Amino acid sequence: MKIAILSRNARLYSTRRLVEAARARDHVVRVLDPLRCYVRIAPEAVQMRYKGKPLRDIDAVIPRIGTNTTFYGTAVLRQLEMMGVYTPNPSDAVLRARDKLRSLQILAAQGIAMPVTVFGDNPDDTDDVLAMLGEPPHVIKLNEGSQGTGVVLAEKRSASQSVVEAFRGLYANFLVQEFVAEAKGCDLRCFVVGGKVVAAMQREASPGDFRANLHRGGSASAAVLSAAEKRIAVRAAGALGLGIAGVDLLRSHRGPLVLEVNASPGLEGIEAATGVDVSTCIIEHLERNAAK
C-alpha cells in the first residue's frame, strides 16, 4: 500500500513513528508538506503536484494538519479525497473538530455529555451570557486554540468579564465553560482508532495550573477507563466523523464529560505513558479500510 502523511515536519515524533510503523509492515510511505502540494482544478482534469512532480497512485493519506495550516491543509486533503484516496479523517471532519464551538454543538445534538458552555458576541449581553452559565469559576478559551493556549481560568465574575472584554478587543472567537472542580486538574486522553479506544492516559496539571496538557508541563500516566468512558469517547469521535481522534474527558460527579476532540492527536505522550504501539494501530486501521 502507498501511504501519504500530510505533515509539515518529517522529524516530528508522531510523523516519524507513523513512517516507521508503515515501513515495518512493508508499506511505501511518503511525508508530504501540505503547503508544497498544489492543484489544477477543472472538470475531469484534476491534477495535484508536489515540488514539481505529479502525485498519483496514493492508497491512503493520514492528515497531520496543524492549526495554523488548517485552511490550506484541509483543501489539499479534500482534493486527495476527490481523487479517491482513503483517509480515516476526512477534511470536513477535521474542520468540525478544529472549530471547538461547532464540535460542541454537534456533540450536544447527539446527547453527548460535556461541560456547560455559553457564547455570545455583543458586549451588552455579557452579564446575561455569564448568568446562563452560572457562578464562577469559569473557563474561557479561544475557539481555535490548541495545547492549552488561549485558555484562562477566571475565579470571579469580574475576572470573567475582564477576560471576555479582552478577547473581544482582540476580535477573537471564544467560548466560556463551567469549571469542573472535582476533576482536580486532571483529564483523560482517550485515543480512538476505528471506533475503538486503543490507549488512554490520565494527564495531571503542573502545580499552580489547571490545564493538564503535557505541553503546559503536565504529567501523564496510563489510565484504566470505565465502560461508560470508552463509550462516550467512541461516540464523540464518531459524531464528528473521525476514524482517528484524541478525545479528552473530565471525570465529574455526573459522569464523564467530553472536553474536546482532537483530529491530529500527538503520539509521543500516549505511547510513552501507556507503552501501546498506537502508530501500528493506525496503520492496521488503514490496511482494513483503504482497499474498501
Side-chain angles (χ1 to χ4, degrees), residues 97 100-120 127-143 145 147-148 150-161 163-164 174-192 197 199-214 216-240 245-262 265 269-270 273-274:
K100 289 185 175 68
L101 179 57
R102 183 183 181 192
S103 66
L104 290 174
Q105 289 174 315
I106 293 169
L107 296 177
Q110 296 289 325
I112 295 173
M114 67 189 69
V116 177
T117 304
V118 299
F119 72 99
D127 285 342
D128 198 38
V129 167
L130 294 177
M132 290 169 63
L133 181 59
E135 292 301 311
H138 299 147
V139 177
I140 306 163
K141 57 177 66 175
L142 294 176
N143 194 43
Q147 299 175 346
V151 181
V152 179
L153 177 64
E155 299 190 16
K156 297 181 179 180
R157 178 66 66 89
S158 59
S160 297
Q161 291 173 324
V163 175
V164 166
F174 62 91
L175 48 84
V176 190
Q177 290 183 323
E178 67 170 311
F179 175 63
V180 182
E182 61 267 27
K184 298 179 180 179
C186 296
D187 69 11
L188 299 171
R189 163 58 62 89
C190 310
F191 208 108
V192 178
V197 177
M201 63 179 174
Q202 177 172 291
R203 302 182 298 189
E204 184 174 354
S206 59
D209 202 345
F210 74 101
R211 299 165 296 181
N213 306 74
L214 299 185
R216 307 250 68 83
S219 59
S221 59
V224 177
L225 302 182
S226 67
E229 289 165 345
K230 291 179 181 178
R231 281 196 302 270
I232 196 171
V234 170
R235 285 185 63 203
L240 297 183
V247 181
D248 296 341
L249 304 179
L250 294 177
R251 284 173 167 161
S252 77
H253 293 324
R254 59 184 189 269
L257 306 176
V258 175
L259 187 62
E260 188 173 337
V261 182
N262 193 318
I270 199 155
T274 66

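Owing to the predicted nature of the structure, the values given are computational and were not obtained by experimental measurement. All heavy atoms count here, side chains included; hydrogens, waters and symmetry mates do not.
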Tell me every residue that passes side-chain contact (heavy atoms from CB on, under 4.5 Å) with Thr274, counting only those two or more places apart in sequence or in another chain. Ala199, Met201, Ala222, Ile270, Val276
Leu250 vs Glu182, side chain to side chain contact (heavy atoms under 4.5 Å, CB included): CA-CA, chis, key distance, verdict: CA-CA 9 Å; Leu250 294 177; Glu182 61 267 27; over 6 Å; no
I'd like to check the salt bridge (Lys or Arg N to Asp or Glu O under 4.0 Å) partners of Arg235; sequence neighbours left out, ordered by chain and number. none
Atom CD of Gln105 with >12 non-hydrogen neighbours under 6.0 angstrom: yes
Which of these, Leu104, Leu107, Ile106, sits in a side chain to side chain contact (heavy atoms under 4.5 Å, CB included) with Ile112? Leu107
Applying side chain to side chain donor-acceptor pair (under 3.5 Å) to Ser160 and not counting sequence neighbours gives His138
Across all chains, not counting sequence neighbours, the ring pair (Phe, Tyr, Trp, His ring centres under 6.0 Å) partners of Phe119 are none
Mind checking side-chain contact (heavy atoms from CB on, under 4.5 Å) for Val116 and listing every partner two or more places apart, or none if nothing turns up? Leu133, Glu178, Arg254
With the side chain counted from C-beta on, respond yes when Met114 and Gln177 share a heavy-atom pair under 4.5 Å apart, and no when they do not. no
Cut-off 3.5 Å, side chains only: do Ser221 and Gln202 have a donor facing an acceptor? no
Checking side chain to side chain contact (heavy atoms under 4.5 Å, CB included) between Leu188 and each of Val247, Asp248, Leu225, which is the one that passes? Leu225
Salt bridge (Lys or Arg N to Asp or Glu O under 4.0 Å) partners for Glu135, two or more places apart: Arg157
May I ask you to test the Leu257-Ser252 pair for a side-chain heavy-atom distance under 4.5 Å? yes
The single option from Leu259, Asn262, Leu249 that satisfies side chain to side chain contact (heavy atoms under 4.5 Å, CB included) with Arg189 is Asn262
